[in-house]
Amino acid sequence: MSIGQMTKHRQLGLTDGQALEMYTYMLKARMFDERCFLLQRSGKIAFHVSGIGQETAQVAAAFALSRGEDYFLPYYRDYGFVLSVGMTLKELMLSVFAKAEDPNSGGRQMPGHFSHKKLNIVTGSSPVTTQVPHAVGFALAAKMKRKNFVAFTTFGDGSSNQGDFHEGCNFAGVHKLPVIFMCENNQYAISIPLHKQVGGSIAERAHGYGFPGVKVDGRDPLEVYRVVKEARERALRGEGPTLIEAVMYRISPHSTSDNDLLYRTPEEVEENRAKDGLPRFKQYLIDCGLWSETQDAELAAAIKRELVEATNYADDAPFPKPEDTLKHVYAEQREG
């Protein structure tokens, strides 16, 4: 690795501390994901949707955005993203255990339906891709109210074929709205491989709607950071949306109810595991002289302790009360 490559994060405006913080969130998301598989298999939780292999792009995107200003509409695999913008492992565990304290939905929705008002994470609805037109709506509000923020939304390659995606892109393009669409192309729409569901390039679809589309290696966090940062700057200048296609691979099954070896081979999974962005970024930090295997082991141990504490807390927390079933479903009636 050349000297230039070893300082790429600095060239992009990231400090050494920020680069290390990015890696911390990537590892935290990975370990949370792995812990949830174990919890489901042991009968502690009912269901888990995985994002293993997608953490690099998620965390990098979060660091390129403005926390506290921008609005985020993530999709159900985005553990790395929501952790990076301020959610905690305890909050995520409360969600997977479906407990009353869950800040996402009070234990009402399946895991991955992220929502956190204080962090500008907008509630997602269950049908896939509906977060895309919702993000466009937030971007329209920003333009109408002359607010200096962007809306950022993510979705999978399968979602890029839904009507919500195309309608959202068309409206955003017509009105030059400050919204960033990021497709986390993990090669599979549940069990359907990319070549059977997408004709052509997802990124190039943007040109038909009048704004740029960028294809980027989703396993390279520094490239994702650069592209998302540029997209945000474009949006704030009034130049409209950007569609980013971050190409990656879902290493894990779609969810705990999925047998991924029914539609792909172990050899394919292992080939892509060797290209995993998480260990690649760890090696980059080591080559930069910022990290070591000893520090990595210490970090993993600290995250494990945090996970155990979060798991125990969520396991012991109370479930929602039956009488609260309709709470937040209907607006409260006001007199006068």
Side-chain angles (χ1 to χ4, degrees), residues 54 57-58 60-62 64-66 69-78 81 120 122 124-125 127-189 192-218 223-248:
Q54 301 180 217
Q58 295 170 4
L65 299 165
S66 180
E69 293 181 337
D70 297 335
Y71 282 81
F72 312 124
L73 294 94
Y75 91 130
Y76 52 82
R77 299 189 195 279
D78 277 356
F81 183 87
N120 289 357
V122 182
S125 56
V128 296
T129 328
T130 50
Q131 72 274 16
V132 172
H134 295 167
V136 172
F138 271 80
L140 178 62
K143 186 171 184 177
M144 292 175 69
K145 295 184 176 183
R146 294 183 173 86
K147 297 290 185 179
N148 201 38
F149 70 81
V150 305
F152 175 82
T153 186
T154 58
F155 48 93
D157 44 291
S159 284
S160 72
N161 305 316
Q162 299 294 315
D164 297 89
F165 166 78
H166 296 284
E167 292 171 21
C169 284
N170 186 63
F171 192 92
V174 168
H175 297 281
K176 291 191 179 299
L177 299 181
V179 57
I180 302 170
F181 306 104
M182 190 171 92
C183 175
E184 296 183 27
N185 180 356
N186 65 15
Q187 311 299 309
Y188 284 94
I192 307 300
L194 188 69
H195 71 274
K196 289 187 177 182
Q197 47 148 327
V198 172
S201 165
I202 294 173
E204 289 178 4
R205 293 175 178 179
H207 302 308
Y209 298 116
F211 55 86
V214 183
K215 193 171 188 174
V216 64
D217 181 359
E223 272 300 288
V224 174
Y225 174 85
R226 179 184 66 80
V227 168
V228 176
K229 185 178 180 182
E230 289 177 358
R232 184 177 189 273
E233 291 167 353
R234 281 192 68 257
L236 293 178
R237 289 196 301 266
E239 296 175 17
T242 302
L243 170 61
I244 299 167
E245 179 186 358
V247 182
M248 55 193 73

Within 6.0 angstrom of Lys143 NZ, more than 12 heavy atoms from elsewhere: yes
Those residues that, when tested against Asp164, pass salt bridge (charged side-chain N to carboxylate O under 4.0 Å, His left out) (two or more places apart): none
CZ-OG1 distance between Phe165 and Thr130, expressed to the nearest 0.5 angstrom: 14.5 Å
If I take atom NE2 from residue His134 and atom OG from residue Ser125, how far apart are they, to the nearest 0.5 angstrom? 5.0 Å
List in chain and number order the residues that pass side-chain hydrogen bond (donor to acceptor under 3.5 Å, both in side chains) with Gln131, two or more places apart in sequence or in another chain; answer none if no residue qualifies. none
Partners passing salt bridge (charged side-chain N to carboxylate O under 4.0 Å, His left out) against Glu167 (at least two apart in sequence or in another chain): none
Residues at least two apart in sequence or cross-chain that pass salt bridge (charged side-chain N to carboxylate O under 4.0 Å, His left out) with Glu239, listed by chain then number, are Arg234, Arg237
Please name the residue in the list Ile244, Val214, Thr242 that meets the side-chain contact (heavy atoms from CB on, under 4.5 Å) test with Val228. Ile244
Which heavy atom of Tyr75 sits nearest to which heavy atom of Thr154, and what is that distance? N-OG1, 3.0 Å
Polar side-chain atom of Asn161 near backbone of Gln197 as donor-acceptor pair, under 3.5 Å: yes
Classify the ring geometry between Phe81 and Phe72 as parallel (under 30°), tilted (30 to 60°) or perpendicular (over 60°). perpendicular
Set of residues satisfying salt bridge (charged side-chain N to carboxylate O under 4.0 Å, His left out) with respect to Asp157, sequence neighbours excluded: none
Glu233: what forms a side-chain hydrogen bond (donor to acceptor under 3.5 Å, both in side chains) with it, not counting sequence neighbours? none
